[in-house]
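Here is the naming used below: chain letters follow the sequence lines, and residue numbers restart at 1 for every chain. Scope of the values below: all heavy atoms of this structure, side chains included, with no hydrogens, waters or symmetry mates.
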Amino acid sequence: MQQHQHRIAGEEVNIFVPQDRVDLDVFLEWARSAAMAGPLALDTETTGLDIFSPNYRLRTVQFGTRDTAFVVHWERGGHFQEYALRVLRNAHNFTIHNAPFDWLVLGEHAGIPLESLAPRTIDTKILAALVDPRQPMEGGIGTGLKPLSAYYIDPTSPDTQGDLTAVFRSLGLTKATGWRSIPLGHPTYNLYAGLDVILGSRILPILVSELDRLGVRDALRQYEHEIARICAVMQRTGMVLDDEYTRELDAALAAEAEEFAAVAARYGVENINSTAQVAEALLGMGERLTERTASGAVKVDKAVLLALADRNMQWEPLGVRRRNPLAEAVLRSKRAGKWRSAYAQTFLDGADLRGRVHPNINSLQARTGRMSVTGPALQTLPSSDWMIRRCLLADEGHVMVSTDFAAVEMCVLAALADVKRMKEAIAAGIDLHNFTAGLVYGEGFTKAHRKICKGVGFGTVYGGGPVTIARQTGAPEDDVRFAQAKYHRVYPEIKRTAQRWQREAYASGMVTVSVTGRRLPLDRDRAYAVVNYQVQSAARDCLGQAMITMEEAGLLPYLRLPIHDEVLASVPATEAEELAREIERCMTFDLMGVPISAEAEIGGRSWGSLYGADY
DNA sequence: TGCGTAGCG
DNA sequence: ATATACGCTACGCAC
């Protein structure tokens, strides 16, 4: 038995690395008795993060308690796998930090489906996010195992991931190759693999007592675990990539990026992504660049360049000035390059052997609880053009269905703040912005009035002032001021509730608690954001609840992606109507007397078909 | 790593 | 006393 010792918070801990069958029997005996006492901490080391790529490997599986860890070398096969599997199958409870990753790894590479593992898992990352969802940059502890351990357990506990990169370098490896190539027997690798489960085991009771102390209900913890599991199933399912179309698109974008980069080069811009070069060249052509960035640099963003290229924000010709050919070239080359690297190539790189991409869904990422999607960032694909979304397909014989909540943030605001007249309008099925315009301007209101009222509505949800709303809507500032003042007279409950939320936050250490019991830390100098946090967070929980309802209705196999107020699904073409109605039903419910509703749109085979593509 | 930028709800 | 647009992911450059 290989053995490593370390000190955590002044106590000696032991990491054991079984080398043979005799050692494995010791491991099994230990695991049996340790699992009786409480949850076993579980973790894996793998070749990387690309779980679904063809030559991905599971390397070790670690089990631990507060003072002992066993690192089982899965990669050695045979008895090593057999013994690890026995514990994975039989232990009653596990604690994992960032469980979806290990669920998917063990599902794909150890044959333990997440349907078996998830119901036995407590995810300490979820618990940490419920204690404080902020990242270290935002003034929080962070939800990574390292910052949590440093804060709650031992400030000197090693950065097990970070320090290993130094080890990788000493072995002539890089961050990219290290996890794959470090020898399985490397002492630091095994020590750190073991320490992770020991730290995970120690962090669990601390976070649980923090949640109890803070009064975070157990139901919320359970709810988040359900949502994490549902998102992990979606990630495992993934989406079909239209490989042929994507390759052609990638080539076309590469050609376009190159063509217009060559044009820019003729004006002295060697690198179209260098804002300094672009600014200098434009100034050299006699253009006046008046806008500055926050740090004082000359601003040459899309809005500035579009104006120089005599185009509006939709890229349509304006005909008000001579088109600056450099601005035009930079715009086109940048867009093509961005779409290629961020989307087309990420799709192609991420596809598994069956041609499916598996976006990583972080079910509890933002400080409001909102979800995020990475690798690829499918929540952020261009929506003004179908070209990129056209790459992703419904399954064979299926069509895409996209179901959006109807104005969910406004409905949530009406519910949370108990806004009487808003609730009446929503219940009557009246268009809210028309209704508001009627109240503000009288029945003879114009389209421009409606636009201002819509802007004021959004501004209220975001905590915006007249200047920003005027900029966003293009309306004169005075008009916005008038509408905003009237808005708050018409819906007086909003300001009243906002003040109550702020008062409660100040009285409780700058934390506002959402309607579902989620703790939302506020920045002291941005207390106005409390309205947005409450609304965004409750809207997120509307989506979360709907996802749980959809699973109960047997719809989970069709779900592909959550997008804040929308769910994307792939459904058999023959049952599309029926399933679309079923999804709508699951997304329709009452929130504190306000009807939350949703509308499904049935597309064709590709996601792009919902944005104008003909396939 | 910070900044500037572009994409989304 | 008054007013403040919110939340993300990702890429490339410059340091």
Side-chain angles (χ1 to χ4, degrees), chain A residues 133-135 137-138 257 269-279 291-306 313 330-331 333-343 345-346 359-362 364-385 387-389 402 404-405 407-409 412-413 455-473 480-481 484 495 498 502 520 522-537 539-540 543 561-568 611:
Chain A
R134 292 173 300 174
Q135 300 302 312
M137 291 270 296
E138 303 170 321
V269 175
E270 283 307 311
N271 190 336
I272 52 112
N273 284 313
S274 166
T275 50
Q277 280 183 33
V278 172
E291 288 194 73
R292 294 289 180 272
T293 67
S295 63
V298 177
K299 194 168 194 172
V300 278
D301 66 2
K302 194 169 131 181
V304 171
L305 294 176
L306 280 169
M313 290 306 277
V330 170
L331 279 165
S333 184
K334 273 181 96 163
R335 183 171 67 170
K338 163 91 180 174
W339 284 13
R340 183 169 184 235
S341 62
Y343 306 127
Q345 289 196 323
T346 322
N360 180 22
I361 305 171
N362 306 298
L364 193 50
Q365 177 68 19
R367 62 196 285 178
T368 54
R370 262 199 180 183
M371 304 175 195
S372 77
V373 175
T374 62
L378 295 189
Q379 287 180 325
T380 71
L381 306 192
S383 58
S384 59
D385 191 311
M387 200 184 283
I388 299 295
R389 291 183 199 243
S402 159
D404 285 46
F405 281 126
V408 67
E409 293 201 331
V412 163
L413 177 64
V456 171
F458 272 107
T460 306
V461 168
Y462 289 142
V467 179
T468 322
I469 297 169
R471 194 171 52 238
Q472 290 295 320
T473 56
V480 173
R481 279 181 205 281
Q484 203 175 22
K495 275 213 159 155
Q502 285 198 22
L520 307 169
L522 272 179
D523 297 331
R524 198 162 280 279
D525 53 346
R526 295 194 315 150
Y528 64 89
V530 74
V531 177
N532 183 255
Y533 284 22
Q534 285 282 349
V535 169
Q536 192 180 105
S537 188
R540 181 277 188 189
L543 184 73
L561 203 64
I563 317 174
H564 306 308
D565 66 345
E566 172 192 349
V567 171
L568 186 69
Y611 294 79

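- Note: CD (A/Gln365) to C1' (C/dT9) measures 10 Å, nearest angstrom.
- Using a 4.5 Å heavy-atom cutoff, the side chains of A/Tyr611 and A/Asp385 are not in contact.
- Rounding to whole angstrom units, CD1 of residue A/Ile361 and P of B/dG9 are separated by 16 Å.
- Remark: DNA chain C forms stems of 3 or more consecutive Watson-Crick or G-U wobble pairs, all pair distances under 3.5 Å, at B:1-9 with C:6-14.
- Closest contact between the side chain of A/Arg526 and the listed nucleotides B/dG9, B/dT5, C/dC6 involves C/dC6.
- Residue-level contact check: A/Gly459 touches the bases, meaning some heavy atom is under 4.0 Å from a base atom.
- Side-chain contact between A/Met371 and A/Leu364 is absent, with no heavy atoms from C-beta onward closer than 4.5 Å.
- Residues A/Val531 and A/Leu413 have side chains in contact (heavy-atom distance under 4.5 Å, counting atoms from C-beta outward).
- In the displayed structure, A/Phe458 atom CZ is contacted under 6.0 Å by at most 12 heavy atoms of other residues, nucleotides or ligands.
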Begin from the C-alpha positions of A/Asn532 and A/Val535 and carry the test side chain to side chain contact (heavy atoms under 4.5 Å, CB included) through to its verdict. CA-CA 5 Å; A/Asn532 183 255; A/Val535 169; 5.6 Å; no
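- In terms of position along DNA chain C, the nucleotide closest to A/Arg481 lies nearer the 5' end than the nucleotide closest to the other residue of the pair A/Arg481 and A/Val461.
- For the OP1/OP2 pair of C/dC6 and a distance below 4.0 Å, the side-chain nitrogens and oxygens of A/Tyr533 include no atom meeting the criterion.
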In the 5'-to-3' direction, what one-character label does each nucleotide of nucleotides 10-15 of chain C receive under the scheme B = base within less than 4.0 Å of a protein heavy atom, S = sugar-phosphate only, - = no such atom? BSSSS-
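- Rounded to an integer number of Å, the gap from A/His564 NE2 to B/dC8 P is 12 Å.
- Residue contacts shown for A/Arg367 are limited to sugar-phosphate atoms, with no base heavy atom under 4.0 Å away.
- Residue contacts shown for A/Phe458 include a base, since a base heavy atom lies under 4.0 Å away.
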Check against side chain to side chain donor-acceptor pair (under 3.5 Å), A/Tyr343 and A/Arg389: CA-CA 9 Å; A/Tyr343 306 127; A/Arg389 291 183 199 243; over 6 Å; no
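- Following rounding to the nearest Å, A/Leu561 (CG) and C/dC8 (P) show an atom-to-atom distance of 18 Å.
- Nucleic acid contact for A/Glu138: sugar-phosphate only, since backbone atoms but no base atoms lie under 4.0 Å from a heavy atom of the residue.
- Of the candidate nucleotides B/dT5, C/dA5, B/dG7, C/dA5 has the atom lying nearest to any side-chain atom of A/Gln472.
- For the pair A/Ser372 and C/dT9, the criterion of a side-chain N or O lying under 4.0 Å from OP1 or OP2 is met.
- The shortest non-hydrogen separation linking A/Leu543 to A/Pro562 is CD2-CB, 3.8 Å.
- Counting any heavy atom pair closer than 4.0 Å across all strands shown, A/Leu381 reaches sugar-phosphate atoms only and no base atom.
- One P atom belongs to C/dA5, the other to B/dG9, and the distance between them is 22 Å to the nearest Å.
- Taking every heavy atom of both residues into account, A/Pro359 and A/Val373 meet most closely at CB-CG1, 3.6 Å.
- Between A/Tyr343 atom OH and B/dA6 atom C1' the separation is 7 Å, expressed in whole Å.
- Looking at A/Leu331 and A/Lys302, their side chains come closer than 4.5 Å, going by heavy atoms from C-beta outward.
- A 4.5 Å side-chain heavy-atom check between A/Arg367 and A/Asp523 finds at least one atom pair inside the cut-off.
- Remark: A/Arg471 is not in phosphate contact with C/dA5, judged by side-chain N or O atoms under 4.0 Å from OP1 or OP2.
- Looking at heavy-atom distances under 4.0 Å, A/Gln536 makes contact with a base.
- Distance, A/Lys302 NZ to B/dT5 P: 13 Å, rounded to whole Å.
- Listed pair A/Thr380 / C/dT9 fails the phosphate criterion, with no side-chain N or O lying under 4.0 Å from OP1 or OP2.
- Using a 4.0 Å heavy-atom distance criterion, A/Val300 is classed as a sugar-phosphate-only contact.
- Nucleic acid contact class of A/Ser537 (heavy atoms, under 4.0 Å, all strands): none.
- Counting non-hydrogen atoms under 4.0 angstrom, A/Arg370 reaches a base of the nucleic acid.
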Evaluation steps, side chain to side chain contact (heavy atoms under 4.5 Å, CB included), between A/Trp339 and A/Met387: CA-CA 10 Å; A/Trp339 284 13; A/Met387 200 184 283; 3.9 Å; yes
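- If you check every strand for non-hydrogen atoms under 4.0 Å, A/Thr468 touches a base.
- No engagement by A/Glu409 is indicated, since no non-hydrogen atom pair under 4.0 Å with the nucleic acid exists.
- The CD1 atom of A/Ile469 sits 13 Å away from the P atom of C/dA3 (whole-angstrom rounding).
- Rounded to whole Å, atom C1' of B/dC8 lies 10 Å from atom OH of A/Tyr462.
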